[in-house]
Amino acid sequence: MQLYINYFAINLKSQMQYKVAFFLLTLGNFLTSFVTLAGVWFMLSRFNEVEGFTFSQIMLCFASMLMAFSLAEGLARGFDTFPRMLGNGEFDRVLVRPRGIVFQVLASKMEFSRLGRLVQSVAVFCYAIPNSGVIWTWDKTLTLCLMVLCGSLIFFGLFVVYAAFSFFTVEGLEFMNILTDGGREFGRYPFSVYGRGVLKFLTYVIPLALFQYYPLLYLLGREQSKLYMAMPVIALIFLIPCYLFFRFGLRRYKSTGS
Amino acid sequence: MIALQNINKIFRVAKRQAGFGRAVKALFSREYEFVHALNDISFTIANGEMVGYIGPNGAGKSTTIKIMCGILTPDSGVCDINGRTPWRDRVAHVREIGVVFGQRSQLWWDVPVIDSFELIRDIYKVEDRLYKTNLDELTALLGIFEILKTPARSLSLGQRMRCEIAASLLHSPQILFLDEPMIGLDAVSKIAVRQFIKKLNRERGTTVILTTHDMQDIEALTERILLIGKGQILLDGGLDELKRHAGQRRTLIIEYNGDAPEIREGMSVNEAKEGRLVITLDPAIMAVSDAIAHIAANTELNDVSVSGASVEEMVAALYREYRI
């Protein structure tokens, strides 16, 4: 953990070397997700509610998704830019250092300009938490924390899968963005609005709904079962195949060297 | 102690063909070419040795280094380094080795060098006392004290390489791999780095394995040479052995007044100018002293110099001999 903090410090220092670029990137990140936010607002100002969710309830969903994603993207940037790391040989350096490989890749790059999104998600929470009509008992608070925390772990898992794919090919990796960036963009509405098929896919295959839709139902009191509250934790099982796939890719890399 | 036994490595390379039709076809069925990168490589290197690993581009140098570092797994064969197999015991193994890739940096680009050093200290869990002694010693020997506070991106190539080498030695490794460390260095930095490596080997007893294309490095540093070509070890021995292999040819450069000397069997003229001759001499046919005596008897000599073939020439001759 201490080592992670040291990596964190050196990454921060590196990025502070370019203060203007850092500031502009942060601003840019803030603005792009602000546009999304505005989109939701325009939509809801016409229809008032979507599938029975009010504007502030959807904001709750939006903010937790945005926060989960920006945490994962900011802190696990090493996996997000992994193909580059393979390409320029930086990964060989990782292999000759006596620490865990996943840890080193994770710690090697952090992107603090993603703070722009994080700040925005905090702002949206500030609006949504008092206005959503939820009575914040301890279990609801915990549910919300789980949504964000487990959510960013699932996104992290998706980045790991993305990185693992780049052991095999460098082309056509963009399809993974449907799940990561796409997940963030579509995740501003509860996944049920996209129909049963999508919801099933996001429940059993790529468990994005497990930390978004189901716990949201619990938060809003539509479901009483504690199972819904625990859904984000169950979703973490997804990390196991992600890791195994990465290991598999790594084995291949070690035998081909490219 | 490093011991490699019958290491084989075959790469499968997808053939790429020009043309759209073929590119589409390649999507469904790819044709592969098999490249035998390493073919039954065996050698042992004792502790404290300094070995030059040379060969033309694509001969398998980097592949071997990568296997010894644990980055690559060979198809077959045994590799034992200090009792461990590098690719099985990665973490324990890499703790004891230092690696410098001349082409890539291990320093964090935008922060002062000393910050990188400190992070490396934490990665390797080097004790504070040991770190301090190592740092003091390395900065003094490599002359990098003044640049420790400079970000790596603003260093010159020579300065950066010295920092890279220091970074690889902070954890006092027993074995140091240097993969083309001298690329692009100016004469002053080269000499500084060479002297340092020599000293390291002598005083700490660090085993050094060096790949290079610069024969002066080899001459200055190593007593033992491993020559690899087309995935096979072609020569394993000292510089003398290399010289023996490449023949004993001598080059005579003479300057004279008046008539040119008569050329006898065993001599061949490389270059002839008014008053100057460059002659290649085969001592098996005519001894050096006889040749000089012969020339001096016929011509008024101003100057004579005799030189053996340079290592570069020897290696080139060996490459030709093995057709690589």
Side-chain angles (χ1 to χ4, degrees), chain A residues 1-22 78 84-112 167-172 247-258, chain B residues 9-14 27 37 62-63 65-75 86-101 103-112 115-126 151-154 164 167-168 171 173 177 179:
Chain A
M1 194 60 210
Q2 182 58 42
L3 185 62
Y4 185 79
I5 293 167
N6 295 343
Y7 265 108
F8 191 90
I10 211 164
N11 273 302
L12 191 64
K13 245 187 202 174
S14 298
Q15 278 167 44
M16 287 309 134
Q17 292 277 314
Y18 308 96
K19 290 200 183 63
V20 178
F22 171 77
R84 208 185 312 154
M85 208 168 169
L86 280 182
N88 64 17
E90 238 178 283
F91 188 63
D92 288 349
R93 178 55 65 184
V94 166
L95 288 176
V96 297
R97 288 203 165 129
R99 292 289 179 149
I101 289 163
V102 171
F103 171 80
Q104 285 188 71
V105 177
L106 180 70
S108 66
K109 278 198 194 69
M110 297 164 202
E111 188 59 63
F112 295 102
F167 282 123
F168 300 95
T169 174
V170 287
E171 291 154 36
R247 283 277 301 268
F248 177 66
L250 181 67
R251 266 241 300 287
R252 193 193 122 98
Y253 176 81
K254 283 185 133 190
S255 77
T256 59
S258 60
Chain B
K9 182 79 211 168
I10 298 174
F11 289 122
R12 196 176 67 159
V13 184
L27 273 180
S62 296
T63 309
I65 296 277
K66 279 184 176 177
I67 286 175
M68 290 193 283
C69 293
I71 297 172
L72 262 182
T73 321
D75 295 337
W87 57 90
R88 289 214 187 94
D89 259 335
R90 189 186 69 83
V91 173
H93 169 66
V94 297
R95 211 182 279 284
E96 290 177 3
I97 63 168
V99 193
V100 176
F101 296 112
Q103 321 261 35
R104 311 168 197 143
S105 179
Q106 62 171 315
L107 303 169
W108 279 261
W109 202 236
D110 291 316
V111 295
D115 289 5
S116 293
F117 283 3
E118 277 168 11
L119 188 55
I120 288 168
R121 171 196 67 193
D122 300 336
I123 292 172
Y124 283 92
K125 297 183 191 153
V126 185
R153 64 162 190 256
S154 17
E164 298 277 349
S168 306
H171 60 291
F177 293 100
D179 195 2

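To find a chain, count down the sequence lines: A is the first, B the second, and so on, and within it residues start at 1. The shown structure was predicted, so the numbers you read here are calculated from the model rather than taken from an experiment.
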(message) Does any backbone or side-chain atom of B:Arg121 lie under 4.5 Å from a heavy atom of chain A? Answer side chain, backbone, both or neither.
(response) neither
(request) Could you tell me whether the side chain of B:Phe177 reaches within less than 4.5 Å of the side chain of A:Val96, counting heavy atoms only? (result) no
(message) Quick check on A:Tyr7 against chain B: is it the side chain, the backbone, both or neither that has a heavy atom closer than 4.5 Å?
(response) both
(request) Calculate, to the nearest 0.5 Å, the distance between atoms CE and NZ belonging to B:Met68 and B:Lys66 respectively. (result) 13.0 Å
(request) Over all heavy atoms of both residues, which pair between A:Arg99 and B:Ile123 is shortest? Give the atoms and the distance, please. (result) NE-O, 2.8 Å
(request) Look at B:Val111, B:Thr73, B:Ile71, B:Ile120 and state which one has the largest set of heavy-atom pairs under 4.5 Å with chain A. (result) B:Ile71
(message) Is A:Asn11 close to chain B through its backbone or its side chain, or both, or neither, when contacts mean heavy atoms under 4.5 Å?
(response) neither
(message) Quick check: do B:Asp110 and B:Arg153 have side-chain heavy atoms less than 4.5 Å from each other?
(response) yes
(message) Can you tell me which of B:Arg95, B:Arg90, B:Arg12 forms the most heavy-atom pairs within a distance under 4.5 Å of chain A?
(response) B:Arg90
(message) Just verifying a value: how many Å separate A:Lys13 NZ and B:Asp115 CG, rounded to the nearest 0.5 Å?
(response) 3.5 Å
(message) Below 4.5 Å, heavy-atom pairs only: which of B:His171, B:Lys125, B:Gln103 has the largest tally toward chain A?
(response) B:Lys125
